[in-house]
Amino acid sequence: GKRERVHLVETSPRDGFQNESIRIPTHIKTELIDRLSRTGLSTIEPTAFVSPKWVPQMFDSEQVARHVVETHYQTSGNSSDQKINFPALVPNVTGLERALASYGGSENLKTVSFFTAASETFSKRNINCSIERSLENLKQVIELANSHNIQVRGYISVAIACPFEGATPPEQVAQLAETLIKMGCFEVSLGDTIGMGTVKTTAKLIEKVSQRVPLNQIALHAHDTYGQGVANVTKAAELGIRTFDSSLGGIGGCPYSKGASGNVATEDLVYVLEDMGFDTGVDLELLAETGDWVSEALDMPYGSKAGRAVLSQ
Ligand code: HMG
Ligand code: MG
């Protein structure tokens, strides 16, 4: 029979790179995106339109976005046909306006991702405002996005635990998730920003959130700090989640949460989800070659065990 599709959102060029302390040259970022686009991935988050004063790595969002549009979009007349969605991360209307300008308008920019947090302290540290104020920003972002037919994804950071406030009450996340959907986000991505989640806390979170938001509008954004990313994703898949954020080679972290390591590795998810009977649409070997290439290009160890295993066969 036909296998059920799971949707992987590749975040290495954005979440992966934003935490690297070395300034990564733009041509490596764009080559990574080009290589990723040949692996079968259907969504790649290429960059963030945040303040480069806060996240210096995002100094070249404009160039990266322009490259994506020039290389991966076939535009004829005023319709643009693209197989891969390239959502840009934006924290506010300024970010959305920058994204619109660099993508060359809304025929190319189909989706943006907005981010808020489940704890006040994390919100303040990450985006320099309260959760309430960030929801006002979201309202403005959705208004402008809607007028351009752009859909908005909503991330909730520290959905399981906060580095400053400790364990996050799942009901608090569930209410915020419901608010985001009611405001007009098409999907909420639950961010385990510091990777403290376990099978138990992930299941509890999904149980609570799914009482307020349909399962097909919930994504899991697992970080692998405690090595629990794969376990948490498989648990979430068993519970009916079908969208997972991940990062090639597990690269990355978060600049405002000390000690957070990268997202769960895309290669590891492809390996286990395919074994569970899902169709990821992704070629694991091509992915592993890309992971190996980027690790070498950045002089970092290649962090995906599944990727290393595939290459050594
Ligand atoms: P702020 O300084 O509080 O903003 O920054 P402001 O509104 O007071 O404006 C101050 C200056 O910033 C002004 O410029 C604005 O124009 C400018 P000035 O007049 O001083 O020259 N500004 C901007 N510049 C560029 N792009 C913008 C923008 N907005 C205002 N969009 C802001 C507020 C949110 C911009 C800032 O705090 C920021 O950029 N923070 C970075 C947050 C970030 O990128 N975090 C990492 C991504 S989130 C994440 O990783 C979590 C996730 O992966 C899920 C998970 O794991 O949990 C998604
Ligand atoms: Mg993240």
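Along the sequence shown, the residues carry numbers beginning at 1. Whatever order the structure lists them in is the order used to number ligands and atoms, beginning at 1. Note that these values count all heavy atoms, side chains included, but never hydrogens, waters or copies made by symmetry. This is a predicted model, so every value here is computed, not measured.
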Taking 4.0 angstrom as the limit and counting only heavy atoms of [X], give me the atoms of ligand 1 inside it, by number and element.
X    : result
N128 : 1 (P), 3 (O)
G95  : 31 (N)
H223 : 56 (O)
F49  : 26 (N), 27 (C), 31 (N)
D15  : 50 (O), 53 (O)
K53  : 18 (P), 20 (O), 21 (O)

Margin query: Any atom of ligand 1 sitting under 4.0 Å from a heavy atom of M58?
Written below: no
Using a 6.0 Å cut-off, check whether atom [atom1] of [X] has over 12 heavy atoms from anything other than its own residue.
X    : atom1 : answer
E285 : CD    : no
Y302 : OH    : yes
M196 : CE    : no

Regarding [X] and [Y], do their side chains bring together a donor and an acceptor under 3.5 Å, going by distance alone?
X    : Y    : result
E136 : Q140 : no
D268 : S304 : yes
E274 : T280 : yes
S189 : E187 : no

Item checked: Qualifying residue for side chain to side chain donor-acceptor pair (under 3.5 Å) with Q57, from R14, K29, R23 ->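 Of the listed options, the one satisfying the test is K29.
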Notebook entry, point to check: N263 and side chain to side chain donor-acceptor pair (under 3.5 Å): which partner among D224, D15, D192?
Noted result: D15
Record the part of [X] in heavy-atom contact with ligand 1 below 4.0 Å; permitted values are side chain, backbone, both and neither.
X    : value
K124 : neither
T193 : both
P91  : side chain

Check: Among A159, S247, G154, S157, whose heavy atom sits nearest atom 55 (C) of ligand 1?
Finding: S157
Item checked: Pick from I156, V55, N126, I194: the one approaching atom 40 (N) of ligand 1 most closely through a non-hydrogen atom -> N126
Check: What class does the angle between the rings of H72 and F86 fall in, given that below 30° is parallel, 30 to 60° is tilted and above 60° is perpendicular?
Finding: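 Ring orientation of H72 relative to F86: tilted.
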Next item on the list: Return yes when at least one N/O/S atom of D245 is nearer than 2.8 Å to the Mg ion (ligand 2), and no when none is.
Entry: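 Given the 2.8 Å cut-off, D245 does not count as a ligand of the Mg ion (ligand 2).
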Check: Would K182 and E178 pass as an ion pair if we require N to O under 4.0 Å?
Finding: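 E178 and K182: salt-bridged.
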Below 3.5 Å, N or O to N or O, backbone or side chain included: is there any such pair between [X] and ligand 1?
X    : result
V158 : no
Y155 : no
N92  : yes

Margin query: Which atom name does D15 have for its N/O/S atom nearest to the Mg ion (ligand 2)?
Written below: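 Looking only at N, O and S atoms of D15, the one nearest the Mg ion (ligand 2) is named OD2.
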